[in-house]
Peer 1: 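This is the structure I want to talk about, given as structure tokens.
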Protein chains: 2
Amino acid sequence: MEMDQLTERQKDVLDAALALMMEAGDQLTMAGVARRASCSKETLYKWFGDRDGLLTATVQWQASKVRVGPVDRARLDLAGLTSALKGFAADWLRVVSSPTSIALNRLAVAHAGSDKPGLGAIVLENGRFALARRLKPVLEAGREKGLLVLDDAEAAFRTFFGLVARDVQMRLLLGDRMKLTEAEIAGDAAEATRQFLALYGAPNRPAQSGH
Amino acid sequence: MEMDQLTERQKDVLDAALALMMEAGDQLTMAGVARRASCSKETLYKWFGDRDGLLTATVQWQASKVRVGPVDRARLDLAGLTSALKGFAADWLRVVSSPTSIALNRLAVAHAGSDKPGLGAIVLENGRFALARRLKPVLEAGREKGLLVLDDAEAAFRTFFGLVARDVQMRLLLGDRMKLTEAEIAGDAAEATRQFLALYGAPNRPAQSGH
DNA sequence: CCGGAACAGTACCGTAACGTACGGTACTAA
DNA sequence: TTAGTACCGTACGTTACGGTACTGTTCCGG
């Protein structure tokens, strides 16, 4: 979705909505957003149509902020692949443990309970599926270079995803106060990468053993 | 929580609440439950105090229904361990993909957004943590028998959890219409078990290779 | 100087849901 | 028979929120 057509003022309003849903997700009311953004409710309805429009625009606005560029698959040795995987893992852990992501996912999960699948699909598309689109070329490049042994990039991605995420996101969404320091994120990312390479790495070069 | 103090009639009411939140999670209103259960709102408030009390009782009632017995760790060879792990994995996939679990987790996630952590903690306690309590003795028995190599049962459990769950629960909660047939559940459970044993199995007996 | 667009602020309306109160009914025990 | 209990069904008060309309102010082009 094109975010260029958003006025600076409109972006400020959406940022206010984001801040509000972070500190009190269930209190994301139209009057609350208007008060927080110092704008009138009528303006909100003129700009975004209705409450769902505001929510959708907010989710897409946040998604447009975290978009990153692809990885260059040109030169890719084992060290580069390992480093790339660690980077993806750490990025993902940072994202899902951020207050913004937690609030957004809470909203989208609650919204998916209703009939309209809008927000859930958007969050999924810009979260898990975007990660898959970025990571799968790396996996396939690793296979072409003989670094990885896999016949289904999707299955390999889901394994990597599981090794990285484990129970973190669900625990956070359910209110578990987990501490995720930067050191732990780095350690978990390295461990997940090590395990993934143990499962999918080419066997000719045995990855460093001993966990 | 003791569920023995619940009248048969009260259990029927909670079942009605469960059914209602499964087919329309956001429409779980007191009047709706009363209508569905053919009881009066006054009775609901007399029995459960307020809306949160009803929700809590409903979640605990569902949790009390899925509780299962522990596994006997007496005789445990590699085949038994593999079978036990596959059973845990398939059970978990069946649970998280069930409409009941989806509705319950939606409710709990939305509820955790507010100040009270009640429902989220209950769901977490009877879901992920209950699974860990049941699985960790099996893992430690496997270590004592020399079948598994692990120094941290919690870390090993979380790896197993990740290999099994991957992105399934989040996708379902976000409204992704995933088909999870019994055959796929069995296949995924077997694959997760195979990968887990590849990571944590004792190396002296090389597990059957070829993915 | 003037007219209109854009917008903040606020008052207002309709609806939905929580929680309470009350009448009516069936059952039990003295 | 009568008092008491438990409960259903429903009507009611209250609050909260989505959405609309109105007023005043600022700014901009002519």
Side-chain angles (χ1 to χ4, degrees), chain A residues 4-59 61 103 106-108 110-116 118-119, chain B residues 4-59 61 103 106-108 110-116 118-119:
Chain A
D4 310 333
Q5 57 192 8
L6 284 179
T7 313
E8 247 1 85
R9 178 76 178 116
Q10 289 173 332
K11 295 178 184 175
D12 291 344
V13 169
L14 295 183
D15 279 328
L18 275 174
L20 200 58
M21 89 171 57
M22 267 188 297
E23 63 195 44
D26 54 344
Q27 288 181 4
L28 194 74
T29 176
M30 299 297 281
V33 173
R35 211 177 316 118
R36 176 65 162 256
S38 290
C39 73
S40 72
K41 283 170 60 179
E42 191 170 20
T43 302
L44 290 184
Y45 285 102
K46 176 186 285 281
W47 284 348
F48 306 107
D50 58 356
R51 187 172 188 268
D52 260 28
L54 173 64
L55 264 45
T56 304
T58 305
V59 172
W61 167 237
R106 285 224 178 94
L107 195 73
H111 198 90
S114 106
D115 48 0
K116 301 156 291 191
L119 293 190
Chain B
D4 310 333
Q5 57 191 8
L6 283 179
T7 313
E8 250 356 91
R9 178 77 179 113
Q10 289 173 332
K11 295 178 184 175
D12 290 346
V13 169
L14 295 183
D15 279 328
L18 275 174
L20 200 57
M21 88 170 58
M22 268 189 297
E23 63 193 45
D26 53 345
Q27 288 180 5
L28 193 74
T29 176
M30 299 298 280
V33 173
R35 212 178 316 121
R36 176 66 164 254
S38 291
C39 74
S40 74
K41 284 172 60 179
E42 191 170 17
T43 303
L44 289 184
Y45 284 101
K46 177 185 284 282
W47 283 347
F48 305 108
D50 58 355
R51 185 171 190 269
D52 259 28
L54 173 64
L55 264 44
T56 305
T58 305
V59 172
W61 166 238
R106 284 226 179 94
L107 195 72
H111 199 89
S114 103
D115 49 359
K116 303 155 291 191
L119 293 191

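The sequence lines fix the lettering, A, B, ..., with proteins before strands; numbering per chain opens at 1. Small disclaimer: the values here were computed from a predicted structure and weren't measured.
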Peer 1: Find out whether A:W47 and A:L54 are in side-chain contact, i.e. whether some heavy atom of one side chain is under 4.5 Å from a heavy atom of the other.
Peer 2: no

Peer 1: Could you state the CE-P distance from A:M30 to C:dG9, rounded to the nearest angstrom?
Peer 2: 16 Å

Peer 1: Under 4.0 Å from OP1 or OP2 of C:dC18: is there any side-chain N or O of B:T29 that close?
Peer 2: yes

Peer 1: Nearest whole Å is fine: how far is C:dC18 P from B:K46 NZ?
Peer 2: 20 Å

Peer 1: When every nucleotide of nucleotides 8-15 of chain D is labelled 5' to 3' by its protein contacts under 4.0 Å (heavy atoms), B for base, S for sugar-phosphate only, - for none, what sequence of letters results?
Peer 2: BB------

Peer 1: Can you tell me if B:T7 uses its side chain to pair, donor with acceptor, with the backbone of B:Q10 under 3.5 Å?
Peer 2: no

Peer 1: Going by side chain to side chain contact (heavy atoms under 4.5 Å, CB included), A:H111 matches just one of A:D52, A:V59, A:T56. Which one?
Peer 2: A:D52

Peer 1: How close or far is atom P of D:dA6 from atom OH of B:Y45, stated in whole angstroms?
Peer 2: 21 Å

Peer 1: State, to 0.1 Å, how close B:L28 and B:R51 come at their nearest heavy-atom pair, and which atoms those are.
Peer 2: O-NH2, 3.0 Å

Peer 1: Could you work out, with salt bridge (charged side-chain N to carboxylate O under 4.0 Å, His left out) as the rule, every residue matching A:R36, not counting sequence neighbours?
Peer 2: A:E23

Peer 1: Could you check whether any side-chain heavy atom of A:T58 comes within less than 4.5 Å of a side-chain heavy atom of A:F48, counting everything from C-beta outward?
Peer 2: no

